[in-house]
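Heads up, the thing below is written out as structure tokens.
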Amino acid sequence: MLPKAYEPQEVEQKLAEKWQNSKLFAAKADKTKKPFVIVIPPPNITGALHMGHALNNTLQDVLIRTHRMFGEDSFWVPGTDHGGIATQNVIEKKLAKEQHKSRHDLGREEFVKTVWNWYDECGNAIFNQFRKMGWALDLSDIRFTMDEKRAQAVYECFRQWWEKKYIYRGKRLINWCVRCSTALSDIEVEHEQHAGKLWHLRYKGEDGSEGIVIATTRPETIFADAAIAVNPNDKRYTHMVGQKVIIPLANRAIPIIADEAVEMEFGTGALKITPAHDATDYEVGKRHNLPVMTVINDKGKMVNCPEKYLGMDRELCRKETVKDLESAGLLVKEEKYMNNVSTCYRCHQPIEPFMSEQWFVKMDQLAAPAIAAAESGELQFHPASWKTPFVNWLKNLQDWCISRQIWWGHRIPVWYCRQCSAKGLTFATDQQGKEQLTKVSFEDGATPIVSYHQPEKCPHCGGHDLVQDPDVLDTWFSSSLWPISVFGWPEKTEDLNYFYPTSTLVTGYEILYLWVARMVMTGLDFTGKLPFKDVYLNGIVRDKSGQKMSKSKGNVIDPLDMTAKYGTDAVRFSLLMQAVPGKDIPYAEESITGARNFCNKLYNASRFILMNMEGINGPLSMPKQVTELADQWILDRYANAVKTAREGIEKYNLALTANTLYHFLWGDFCDWYVELAKQRFQTDEKEHVMALCVNILYGTLKALHPLIPFVTEEIAASLKPYVGVSETFLLNQPYPEFDRTLCNEEAVRKMNIVQGITREIRTIRSQFNVPPGLKIAAVITAKTEEELATVKAYESYIKLMAKVEDLTITANADKPKQTATAMFENTAIYVPLTGLIDFEKERKRLEKDLAAAKANIVSRQARLSQENFLKHAPAEQIQKTKDELAAAQAAVAQITASLEDLA
RNA sequence: GGGCAGUUGGCGCAGUGGUAGCGCGUCCGCCUCACACGCGGAAGGUCACAGGUUCGAACCCUGUACUGCCCACCA
């Protein structure tokens, strides 16, 4: 005998291995079939899986599995991402913790080797977790953004864009992370509200006058001031424009200029312009031809400033400057201020705007086709509300800074001749005594040679002393090529031809710009085709109170802990029940228990049906024709559940699919059909009923399999002999089709009457504490032909489900004495309960029902007396209202009689 | 500053024109021979607010408030 409760752990382990070993998830590359392809958002090799991965991958898994069952050649392409800065940070922390070493202690080569070792370790761990989760990825064929093929793709992209002049080198004010010591692109910068201060500083006039007062959050940058700016329309300052003032503590004169960028209302209306350390100021400086002077270096230390502050950290210098300004009497005011601080998306330290020569990609030509694709609707977003932000982002795109001053990543495929480029190259000796190229300046004459491998010789002088650019590419550079690189681009492979473009991209909205937009641009640029036509944006898994999960908040739920405790299916199903496109999911352990209970319900229902299979040999096919109400009804429910489940998948509304199947299985199949079937098991109808049970259950298992693959596969294995299936895996069987011929509205209507009357009797039983085992008598007086006929025909259902022994059915009986009364539509239900009735309780109950019925009469009558309603509303609606009025009137009459009876 | 979501019973959410559903929780009764991870029943909501469209609005339109997110060079 099977255990009472479903124990997922062993089952899942066993099946996960079986699936992988059978290569069940390998795409067949069957050219006769339509491919359905999803490329996985490759997880960074930074550590363990979190709930976000669980959600994102489960959604993809459901799509992959359903489309496979739809008969398509579905292929989910697995891989990982090297994760640039993120991974380098993880390894640096690890080194510091375990060996008290920095990456500089190891040197570049050794450090990179260390990360590769980490990749072996962590990559494996990730795929083991994938296997455990049962995700339909063929793990025998995986990709990595830094493996040889993907590196070739990166190089080819760089080369082509260099030739097209999309890639260029430029000196700009870029976002510099002092902690990570690298440049960042604009979207890698996050904006956080920090409690800071706003200082009002006086810049005295060159002529000794009072000068002007400005407001700043960054007093340490005054040494780099190039001007003071005011709004041209600001009458307070018009007379001062053109005059010169003295920078405090620096004693340098700068002009007062007028520029539209200055907000008159903010601070004092006067703004210090520091082109080298602020993006706005940089633009103003350009307009006014101001000199750019740097006072903070790449380490965040002060340079080019009065000696006192030289070498000081920027933070400390801020404090010191304020102190000294105060002593000098030039600090006019200090106020608290909520500052919008730019921070690094990886380490969350404040970003320093920094003048630097970097590699950029020109975006306008790349963006244009992407904008067109989104605007035309060729590219679809789910939910669609992301289209506008997507397009707007592309329209306001700045050039993409792609060089990073870190060690882990694709090295820029550019070389320099030490002879020809000598002036533009700066070398330093590292801690291992090796000479390293640290800085490249095209402005000073470095000449690039674009090449994947080290060129044999310099094309200019024939020299052999060539060095590679020290920078690596933005990690998103290789990610943006992912949909083509996974299939072997730039080679014209068969895979690329067959599987590209892919079908759907499933990812979080937080990387829509960082990743999705760029894949669209590169895909269109290199292939002329969109990499995917549907973008399904999933929400973020949050904690129960809607907070983002984070280690520091201690509210993280580990998906692996949860799968160990409740089973993978339970975790998957709990997420799917809430998976509405674009919506965040509040998540708590309690969310999982419901899903776990469902898996158990499914298991037990199956167990029950299997138990009743005893004595039945061979497969039972689905009966072609059914005449019994319960059979007609359950087939209608089943057909509709399948229909809605499929709709949910097509509309990317997996919550709809999950909920529909949940309620069909539990509410319709178990609570009513199987309960009714129990009595038929004792008759010669048994085989017929079993045929329906087992086939409907098997169909439901197939419909559920993409959502909860383990428990369904496990059950299906036992059920197969009874439905005549020889195929081992559910995944290779067709997804249930909606069968219109099974729909039967009349059966649903009749069953609804049976259920309604049953519930009324059960309520009476419960209200008057009738012992569950006690069979009772009941009198049903049906006032309409339909109800009367139905009750008469299916009195056995009511007797069974409501535990009624003696059922009297009449068209018009007087209310028996000493009974409880209930109404269902036009039918009165009397339950004689001599000695059991609490008259006071019954009176209260009846009065409540009476009030409700009276309210119904009033509202229906009001509606029916409106001429406009009768004129405009559809006939069907008018009839419905009339029926409701009649039912309410019948109820009032009946209940009133009952109340009189009680008195 | 711009944009996008959301506001439905104690909690978390479904529901796109015919006056409300689900899960959890609560309360009552049940170990009824598949399942107590269960069965039956009950209580609980003027669908944020104000206008408008409509015979009819949780649902469509306008505005307001609050919450969250994204974008943006008010230092």
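Fair warning: this is a prediction, and the values are worked out from it, not measured in the lab. Order of the sequence lines fixes the chain letters, A, B, ..., with proteins taken first and strands second; residue numbering starts at 1 for each chain.
The environment of A:E335 atom CD is dense: over 12 non-hydrogen atoms of other residues, nucleotides or ligands sit within 6.0 angstrom.
None of A:I371, A:L512, A:V535 except one satisfies the side-chain contact (heavy atoms from CB on, under 4.5 Å) rule with A:F390; the exception is A:L512.
Here B:A36 sits opposite no nucleotide as a Watson-Crick or G-U wobble pair (both hydrogen-bonding atom distances under 3.5 Å). The partner of B:C4 is B:G68, by the rule that a Watson-Crick or G-U pair needs both atom distances under 3.5 Å. When Watson-Crick and G-U wobble pairs are counted only if both distances are under 3.5 Å, B:C22 pairs with B:G12. Across every strand in view, B:C74 sits unpaired, with no contact that passes the Watson-Crick or G-U test at under 3.5 angstrom. B:A58 is unpaired under the Watson-Crick or G-U wobble criterion, no partner having all donor-acceptor distances under 3.5 Å. B:C49 is paired with B:G63 under the Watson-Crick or G-U wobble criterion, all donor-acceptor distances under 3.5 Å.
For A:Y536 and A:H382, the ring centers sit 6.0 Å or farther from each other. Between A:W176 and A:F354, the distance separating the two ring centers is shorter than 6.0 angstrom. Ring-centre distance between A:F598 and A:F664: not below the 6.0 Å cut-off.
Listed in residue order, the members of residues 270-285 of chain A having a heavy atom less than 4.0 Å from RNA chain B are A:L271, A:T280. Within residues 861-874 of chain A, the residues having any heavy atom under 4.0 Å from RNA chain B are, by residue number, A:R863, A:Q866, A:N868, A:F869, A:H872, A:A873, A:P874.
We find that CD of A:Q682 is positioned 11 Å from C1' of B:C33, with the value rounded to whole Å. Separating the CD1 atom of A:I511 from the P atom of B:C71 is a distance of 13 Å, rounded to the nearest angstrom. Put simply, CG on A:D186 is 16 Å from C1' on B:C70, counting in whole angstrom units. The interatomic distance linking A:F598 (CZ) with B:C35 (P) rounds to 18 Å, in whole Å. The interatomic distance linking A:D259 (CG) with B:C74 (C1') rounds to 13 Å, in whole Å. Atom CD of A:E614 is separated from atom P of B:A34 by 13 Å (rounded to the nearest Å). The CG-P distance, from A:L394 to B:C70, rounds to 18 Å in whole Å. Taking atom CD on A:E589 and atom P on B:G23, their separation rounds to 21 Å, with Å as the unit.
Among the nucleotides B:G18, B:C37, B:A72, the one closest to any side-chain atom of A:A5 is B:C37. Out of B:G40, B:G29, B:C69, the shortest distance to the side chain of A:S766 is found at B:G40. Closest contact between the side chain of A:K803 and the listed nucleotides B:C39, B:A34, B:U32 involves B:U32. Comparing B:A72, B:G40, B:C35 by their nearest atom to the side chain of A:N604 picks out B:C35. Among the nucleotides B:C70, B:A72, B:A34, the one closest to the side chain of A:H191 is B:A72. Listed nucleotides: B:A42, B:A75, B:C22. Nearest to the side chain of A:V262: B:A75. Nearest nucleotide to the A:P772 side chain, out of B:C30, B:A43, B:A34: B:C30.
Salt-bridge annotation for A:E805 and A:K799: absent, with no side-chain N of the basic residue lying under 4.0 Å from a carboxylate O of the acidic one. Salt-bridge check for A:E375 with A:K395: passed, with a basic side-chain N closer than 4.0 Å to an acidic carboxylate O. Taking a cutoff of 4.0 Å between a charged side-chain nitrogen and a carboxylate oxygen, A:R318 and A:E220 qualify as a salt bridge.
A:T563 and A:K565 are not linked by any side-chain donor-acceptor pair at a separation below 3.5 angstrom, with hydrogens and angles left out of the test. With no hydrogens or angles considered, no side-chain donor-acceptor pair links A:Y509 and A:N538 at under 3.5 Å.
Relative orientation of the A:Y673 and A:F669 rings is parallel, given thresholds of 30° and 60° on the angle between their planes.
Not a single salt bridge (Lys or Arg N to Asp or Glu O under 4.0 Å) links A:D849 to another residue, sequence neighbours left out.
For the pair A:R218 and A:W199, the NZ or CZ position fails the cation-pi test of under 6.0 Å to the six-membered ring centre and within 45 degrees of the ring normal.
In this model, a side-chain donor or acceptor of A:K601 finds a partner on the base of B:C35 within 3.5 Å.
Using a 4.0 Å heavy-atom cutoff across all strands shown, A:N612 reaches no nucleic acid atom at all. Using a 4.0 Å heavy-atom cutoff across all strands shown, A:T593 reaches no nucleic acid atom at all. Residue A:E884 is out of contact with every strand shown, counting any heavy-atom pair closer than 4.0 Å.
Residue A:Y337 places at least one side-chain N or O closer than 4.0 Å to OP1 or OP2 of B:A75. The side chain of A:W666 places an N or O atom within less than 4.0 Å of a non-bridging phosphate oxygen (OP1 or OP2) of B:C39. The side chain of A:R762 contributes an N or O atom lying less than 4.0 Å from OP1 or OP2 of B:G41. For the pair A:K678 and B:U32, the criterion of a side-chain N or O lying under 4.0 Å from OP1 or OP2 is not met. Phosphate contact (OP1/OP2 of B:G38, side-chain N/O of A:N597, threshold under 4.0 Å): present.
Across the C1' atoms, B:C35 and B:C28 are found 22 Å apart, a figure rounded to whole Å. To the nearest whole angstrom, the two C1' atoms, one in B:G10 and one in B:U16, are 28 Å apart. B:C60 and B:G1: their C1' atoms are spaced 29 Å apart (whole Å). Nucleotides B:G23 and B:A14 have their P atoms positioned 15 Å apart, rounded to a whole Å. When the P atom is compared between B:U62 and B:G6, the two are found 14 Å apart, to the nearest whole Å. Nucleotides B:A34 and B:A48 place their C1' atoms 46 Å apart, quoted to the nearest Å. Rounded to a whole angstrom, the distance from the C1' atom of B:C24 to that of B:U46 is 25 Å.
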Which atom pairs link the protein and nucleotides 5-15 of chain B when you take only N or O atoms and keep those under 3.5 Å?
{"from": "B:A14", "atom 1": "OP1", "to": "A:K583", "atom 2": "NZ", "distance (Å)": "2.9"}
{"from": "B:A14", "atom 1": "OP2", "to": "A:K583", "atom 2": "NZ", "distance (Å)": "3.2"}

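Two residues, A:Y509 and A:K880, neighbour RNA chain B, and the one matched to the more 5' nucleotide by heavy-atom proximity is A:K880. Of the residues near RNA chain B, A:T388 and A:S859, the one whose nearest nucleotide (by heavy atom distance) lies more toward the 5' end is A:T388.
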What verdict does the side-chain hydrogen bond (donor to acceptor under 3.5 Å, both in side chains) test give for A:K544 and A:S591, after you've listed the backbone C-alpha separation in whole Å, the side-chain angles of each residue and the deciding distance to 0.1 Å? CA-CA 9 Å; A:K544 205 184 171 184; A:S591 320; over 6 Å; no

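Applying the salt bridge (Lys or Arg N to Asp or Glu O under 4.0 Å) test to pairs two or more places apart or on separate chains, those with a residue in residues 857-868 of chain A are A:R860-A:E884. Among pairs with a residue in residues 186-202 of chain A, those fulfilling salt bridge (Lys or Arg N to Asp or Glu O under 4.0 Å) read A:E188-A:R404, A:K197-A:E334, A:R202-A:E210, at least two apart in sequence or across chains.
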